[in-house]
Protein chains: 2
Amino acid sequence: MPEPDIFRALADPTRRAVFERLSAAELTVSDLTRGFAVSQPAISQHLSVLKGAGMVAERRQGRQAWYRAAPGALEGLEAWVTRYRSFWPERVEALKDVLKEMGE
Amino acid sequence: MPEPDIFRALADPTRRAVFERLSAAELTVSDLTRGFAVSQPAISQHLSVLKGAGMVAERRQGRQAWYRAAPGALEGLEAWVTRYRSFWPERVEALKDVLKEMGE
DNA sequence: CGAATCCATAAGTACAGACTTATGTAATGT
DNA sequence: ACATTACATAAGTCTGTACTTATGGATTCG
């Protein structure tokens, strides 16, 4: 039930790679196009899908379009994973360690 | 990098629904077929994809094949989500509450 | 034994989607 | 003003894939 669009958005490897780059930095379409072996329209189409899934945000400035990963982009996916996680108590200890680390 | 197969496996809604059922109970192919509006071969094909992604386990008994969600089925996905999560400190408090609850 | 059941695989169809080139719109540069 | 740059959309192609029916192998039942 957490928007099925996100699953479809994640299905394509190029699109995942685009998202990963946008989670590290805000980039323009041109920037992204330079980093991949596909055409600029292909990148624009991927961005459109990612945007439709609520995974990226757009900021217009002049003739440029800056894209970045949306805050909470993976929230719906996280909720789904948590719900259908199997044997999850196994991982609690590791999680506690992470939280302790962050508390320092 | 966490097996790309899992993303492809999750892309199809019917397949997600099959997985969700198998995370609640161990079921045979016939059981599953009864619960969906697709043919038995279609179910077998979905199970094959899920198995290829390491998401379900199979147990043979006579002419029946029992399927269930594999332990750690979503581990790779979880790792990916954690890595690309944006603004994740926001969720730490909620997580702490959950862990405290489990400690009781 | 033969019939029925359970499941997987084969083969074919039809649609989704990832790509291309071509083109249009809007902003910037000279 | 005209050319150039940045991006989006249109239209067409081609591959992937979700489904179907048909069939085969293996097990259980009568």
Side-chain angles (χ1 to χ4, degrees), chain A residues 1 3-22 25-70 73 77 80, chain B residues 1 3-22 25-70 73 77 80:
Chain A
M1 302 274 277
E3 319 118 88
D5 282 348
I6 194 172
F7 292 106
R8 211 177 58 83
L10 289 170
D12 182 72
T14 300
R15 201 152 48 223
R16 280 198 304 280
V18 167
F19 172 76
E20 288 170 13
R21 294 212 185 191
L22 292 177
E26 189 183 33
L27 297 171
T28 67
V29 178
S30 301
D31 293 337
L32 287 166
T33 300
R34 248 169 261 124
F36 290 93
V38 297
S39 66
Q40 171 266 314
I43 296 293
S44 281
Q45 287 159 17
H46 283 309
L47 288 168
S48 174
V49 172
L50 289 169
K51 194 177 173 186
M55 294 181 62
V56 303
E58 188 188 358
R59 178 174 65 88
R60 289 293 176 126
Q61 182 186 358
R63 58 186 169 184
Q64 319 213 35
W66 292 86
Y67 284 89
R68 64 183 175 87
L77 183 60
W80 186 88
Chain B
M1 303 268 277
E3 320 116 86
D5 283 347
I6 195 173
F7 292 106
R8 209 175 60 82
L10 289 169
D12 182 72
T14 300
R15 201 153 46 222
R16 279 199 303 279
V18 167
F19 172 75
E20 288 169 13
R21 295 215 184 187
L22 292 178
E26 189 183 34
L27 297 171
T28 67
V29 178
S30 302
D31 294 336
L32 286 165
T33 299
R34 249 169 259 124
F36 291 92
V38 297
S39 66
Q40 171 265 314
I43 296 293
S44 281
Q45 288 158 16
H46 284 310
L47 288 169
S48 174
V49 172
L50 288 169
K51 194 177 173 187
M55 294 180 63
V56 302
E58 188 188 359
R59 178 173 66 87
R60 289 293 177 126
Q61 181 184 357
R63 59 185 170 186
Q64 320 212 33
W66 292 86
Y67 284 88
R68 64 182 175 88
L77 183 60
W80 187 89

**Asked** What integer distance in Å separates Gln64(B):CD from dA8(C):C1'?
**Response** 15 Å
**Prompt:** Choosing from dA8(D), dC19(C), dA8(C), which nucleotide comes nearest the side chain of Tyr67(A)?
**Reply:** dA8(D)
**Message:** Please classify the nucleic acid contact of Ala42(B) as base, sugar-phosphate, or nothing, using heavy-atom distances under 4.0 Å.
**Reply:** base
**Prompt:** Glu26(A) and side chain to side chain donor-acceptor pair (under 3.5 Å): which partner among Arg21(A), Arg59(A), Arg68(A)?
**Reply:** Arg59(A)
**Asked** Base, sugar-phosphate, or nothing: which does Ser39(B) touch, judged by heavy atoms less than 4.0 Å apart?
**Response** base
**Asked** Separation of Glu58(A) atom CD from dA6(D) atom C1', in whole Å?
**Response** 12 Å
**Request:** Would you indicate what Ser48(B) reaches in the nucleic acid, counting non-hydrogen atoms under 4.0 angstrom: base, sugar-phosphate, or nothing?
**Result:** nothing
**Asked** What nucleotide among dG17(C), dT17(D), dC7(C) has an atom nearest to a side-chain atom of Arg8(B)?
**Response** dT17(D)
**Prompt:** Taking atom OG1 of Thr14(B) and atom CZ of Phe36(B), what is their separation to the nearest 0.5 Å?
**Reply:** 7.0 Å
**Message:** Need one value for Phe36(A): base, sugar-phosphate or nothing, where a base atom within 4.0 Å counts as base even if backbone is also close, heavy atoms only.
**Reply:** nothing
**Arg60(A) CZ - dC7(D) C1' separation (whole Å)** = 6 Å
**Item:** Atom pair distance, as rounded to whole Å: CD in Gln40(B) and P in dA4(C)
**Value:** 18 Å
**Asked** Below 4.5 Å, heavy atoms only, C-beta onward: do Val18(B) and Val56(B) meet side chain to side chain?
**Response** no
**Prompt:** Rounded to whole angstrom units, what separation is found between the CZ atom of Arg59(A) and the P atom of dA27(C)?
**Reply:** 16 Å
**Prompt:** Just to confirm, is there a sub-4.0 Å distance from OP1 or OP2 of dC19(C) to any side-chain nitrogen or oxygen of His46(A)?
**Reply:** yes
**Which nucleotide in dC19(C), dA18(C), dT21(C) has an atom nearest any side-chain atom of Arg15(A)** = dA18(C)
**Asked** In whole angstrom, what separates Ile43(B)'s CD1 from dT17(D)'s C1'?
**Response** 16 Å
**Asked** Looking at the side chain of Pro41(A), which of dC7(C), dT21(D), dT9(D) is the nearest nucleotide?
**Response** dT9(D)
**Message:** Can you tell me which nucleotide in dC6(C), dC19(C), dA8(C) comes closest to the side chain of Arg63(B)?
**Reply:** dC6(C)
**Request:** Calculate, to the nearest 0.5 Å, the distance between atoms OG1 and OH belonging to Thr28(A) and Tyr67(A) respectively.
**Result:** 10.5 Å
**Item:** Cation over ring face, Arg15(B) and Phe7(A), 6.0 Å, 45°
**Value:** no
**Message:** Rounded to whole Å, how long is the line connecting atom CG of Asp5(B) with atom P of dT17(D)?
**Reply:** 10 Å
**Prompt:** Under 4.0 Å: is that the gap between some side-chain N or O of Thr14(B) and OP1 or OP2 of dC19(D)?
**Reply:** yes
**Asked** Could you state the CD-C1' distance from Gln61(B) to dA26(D), rounded to the nearest angstrom?
**Response** 15 Å
**Asked** Which comes earlier along DNA chain C counting from the 5' end, the contact point of Ala65(B) or that of Gln45(A), where each point is its nearest nucleotide?
**Response** Ala65(B)
